[in-house]
Amino acid sequence: MRRSGGDEVAQMLLAEELPLSQAESQLLELAREFSRREVGPNAARWERERAYPRETIRAAAGLGLTRIQIPAALGGLDLRFRAKVRVVEEIARDDFAFAFALVNTHNAAARLARDGNDSQRARYLDGLVRGELIGAVSLTEPSAGSDFPAIRARAERVAGGWLLNGEKAWLTNGAAVDVVVVYAQTDAAAGARGIAAFVVDAKRKGFERGAAYGLAGAHAIGAAGFKLDKYFAADDDVFYAPGAAFKNALASITGARVYVAAMCCGMVEEALGLALARARSRSTFGRPLIERQGLRWMLADVATDFEAARLLAYRATRLLEAGQDAVLAAAHAKKFATRMAERRLPECMQVFGAEGLMEAHPIGRHLAAARAAHYADGTTEMQNERIAAYLERGIPGGLSDA
Ligand SMILES: Cc1cc2nc3c(=O)[nH]c(=O)nc-3n(C[C@H](O)[C@H](O)[C@H](O)COP(=O)(O)OP(=O)(O)OC[C@H]3O[C@@H](n4cnc5c(N)ncnc54)[C@H](O)[C@@H]3O)c2cc1C
């Protein structure tokens, strides 16, 4: 598929709101070139073959895309959160699923760098940032998703460590994962305070990998479940002690909501660019489609929603970087951006007529991904719960003062 339209829109709707340093701009440019060359041309095939793009993740790691938020002292690029946001937004223009798989392995590495102990870092960090190892973070279970404190995977204290038992679900990268931060309950009576997290090695005895899920789209995410059957986690493998795990899980999910919102913007930006290029070049009844008011206004509405969604995502990015409470801003951004993508992608698709349905065309794939984005890192309803909780107790300097 020809790619001129998206790039034109990228210039037209320039991202002034989130300026980048020189190093961040250079990385974004590398990511852009890599994505156009390696991700876009392969994404439809990954989907058709239900393939996990392990080699392409490794190649992305070779460019530094798994080192963005890792301190320089540990071999990272030490860039700001916004660099990650912009990189995954850009790659999602080609394939949300690949960008999501990549950012999840990056995050596992960044968490190990930040919160892991020396032994954990020595064993896994270098492999993760080089893309030799695939990482992931596992909260969800077959019977507990939104209700995270209800997880049933158990960690039982034994001599020298913990025995882990239970079933986990919906692990991004699960099809190929090598190292997983797994949340498990140490004391059911303590609820959220009893939850701890462990570094689990997929090659060790007691880890049973499930088959990759057959999904309605987004296969490059490599989503799969796994079981832990008397898996022994030594004391060295404890990642967050009971009491610290729940808080850390919530903090990292706020960031994830922000970049998922930006990724939805990336998909819509690409779709709008393609739709505009098509509307200019295709004529019916003697006039280019772009001259039809119904159609041009439809695309104008796409552009307005896209701008609004990106502003919300970038505002949440700035708040998060400034160390301020970004929970509300992230919830607004994710809810609005996922809904915006789901509503506006079909409008871009409409411009292509029947051709938009063809497998090689990215917008159908983006639409399936926009659906997945409604669940990943907290559902739309959970965003509403967060927003409503703020409304209930009053937003400082906000709506309640009016
Ligand atoms: C592509 C993808 C990748 C993912 N990657 C990961 C990963 O790497 N690691 C991981 O741990 N998990 C991952 N997940 C799982 C994701 O976090 C869960 O799907 C999500 O938390 C929702 O849980 P659930 O699917 O079990 O839905 P449920 O919690 O069963 O909810 C079902 C429906 O009910 C709604 N609902 C639930 N409670 C309420 C309520 N109180 N009020 C109103 N509505 C409610 C929900 O919003 C949802 O629409 C991934 C999911 C997807 C789709």
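Being a predicted model, the structure only gives us computed values, none of them experimental. Every number for a ligand or one of its atoms is a count from 1 in the order of the listing.
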Review point. N/O to N/O below 3.5 Å, does that happen between Asn104 and ligand 1?
Key: no
Check your understanding: Do the side-chain N and O atoms of Arg93 and Ser35 include a donor-acceptor pair separated by under 3.5 angstrom?
Key -> no
Review point. Does any N or O atom in Trp170 lie less than 3.5 angstrom from one in ligand 1, N or O only?
Key: yes
Review point. Is atom 46 (C) of ligand 1 less than 4.0 angstrom from some protein heavy atom?
Key: yes
**Study point:** 4.0 Å protein heavy-atom contact status of atom 5 (N) of ligand 1, strictly under
**Key:** yes
Review point. Would you say the side-chain atoms of Asp325 and Tyr390 include a donor-acceptor pair closer than 3.5 Å?
Key: yes
Check your understanding: How far is atom 24 (P) of ligand 1 from its nearest protein heavy atom, and which residue and atom name does that atom have?
Key -> Gly145 CA, 4.0 Å
Review point. Does atom CZ of Arg152 have more than 12 heavy-atom neighbours from other groups under 6.0 Å away?
Key: no
Review point. Under 4.0 angstrom from atom 22 (C) of ligand 1, is there any protein heavy atom?
Key: yes
Review point. Do the side-chain N and O atoms of Thr380 and His374 include a donor-acceptor pair separated by under 3.5 angstrom?
Key: yes
Practice item. Measure up the Phe98 and Phe34 rings against each other and bin them: parallel (under 30°), tilted (30 to 60°), perpendicular (over 60°). Key: tilted
Review point. So which protein heavy atom does atom 19 (O) of ligand 1 come closest to, and at what separation?
Key: Tyr375 CB, 4.0 Å
Review point. Going by atom types only, do Lys230 and Asn165 share a side-chain donor-acceptor pair under 3.5 Å?
Key: no
Check your understanding: Hey, which atoms in ligand 1 end up nearer than 4.0 Å to a heavy atom of Ile221?
Key -> 1 (C)
Check your understanding: With only distance considered, is Thr379 within less than 3.5 Å of ligand 1 through an N or O on each side?
Key -> yes
Review point. Purely on distance, is any nitrogen or oxygen of Glu385 under 3.5 Å from one on ligand 1?
Key: no
Check your understanding: Do any N or O atoms from the side chain of Asp178 and from the backbone of Ile134 form a donor-acceptor pair under 3.5 angstrom?
Key -> yes
Point to revise | Taking atom 2 (C) of ligand 1 as the reference point, the nearest protein heavy atom with its distance | key: Ala376 CB, 3.9 Å
Check your understanding: Cut-off 3.5 Å, side chains only: do Asp201 and Tyr124 have a donor facing an acceptor?
Key -> yes
Study note, to complete from the structure: So for Ser138 against ligand 1, with non-hydrogen atoms under 4.0 Å, the contacting part is backbone
Exercise for review: Using a distance threshold of 4.0 Å (strictly less than), state whether atom 8 (O) of ligand 1 has a protein heavy-atom neighbour.
Suggested key: yes
Check your understanding: Short N/O distance, under 3.5 Å, between Glu141 and ligand 1?
Key -> no
Review point. Which atom pair, heavy atoms only, marks the closest approach of Leu320 to Val258?
Key: CD1-CG2, 4.4 Å
**Study point:** Mutual orientation of the aromatic rings belonging to Tyr240 and Tyr183 [parallel < 30°, tilted 30-60°, perpendicular > 60°]
**Key:** tilted
Point to revise | atom 12 (N) of ligand 1: nearest protein contact (heavy atom, Å) | key: Thr140 OG1, 2.7 Å
Practice item. State whether a side-chain donor-acceptor pair under 3.5 Å links Gln22 with Ser25. Key: no
Check your understanding: For ligand 1, which atoms, with element, lie under 4.0 Å from some heavy atom of Val137?
Key -> 7 (C), 8 (O), 9 (N), 10 (C), 11 (O)
Check your understanding: Is the Phe352 to His361 ring centre distance short of 6.0 Å?
Key -> yes
Check your understanding: Which residue supplies the protein heavy atom nearest to atom 3 (C) of ligand 1, what is that atom called, and how far is it?
Key -> Thr172 OG1, 3.3 Å
Practice item. May I ask you to check whether Met382 has an N/O atom sitting below 3.5 Å from an N/O atom of ligand 1? Key: no
Practice item. Enumerate the atoms of ligand 1 whose separation from the nearest heavy atom of Leu139 is less than 4.0 angstrom. Key: 10 (C), 11 (O)
Practice item. If you have a sec, work out which protein heavy atom is nearest atom 27 (O) of ligand 1 and how many Å separate them, to one decimal? Key: Ser146 OG, 4.1 Å
Review point. Contact between Ala218 and ligand 1, counting heavy atoms under 4.0 Å?
Key: no
Point to revise | Option from Glu321, Glu17, Glu89, Glu24 for which salt bridge (charged side-chain N to carboxylate O under 4.0 Å, His left out) with Arg82 holds | key: Glu321
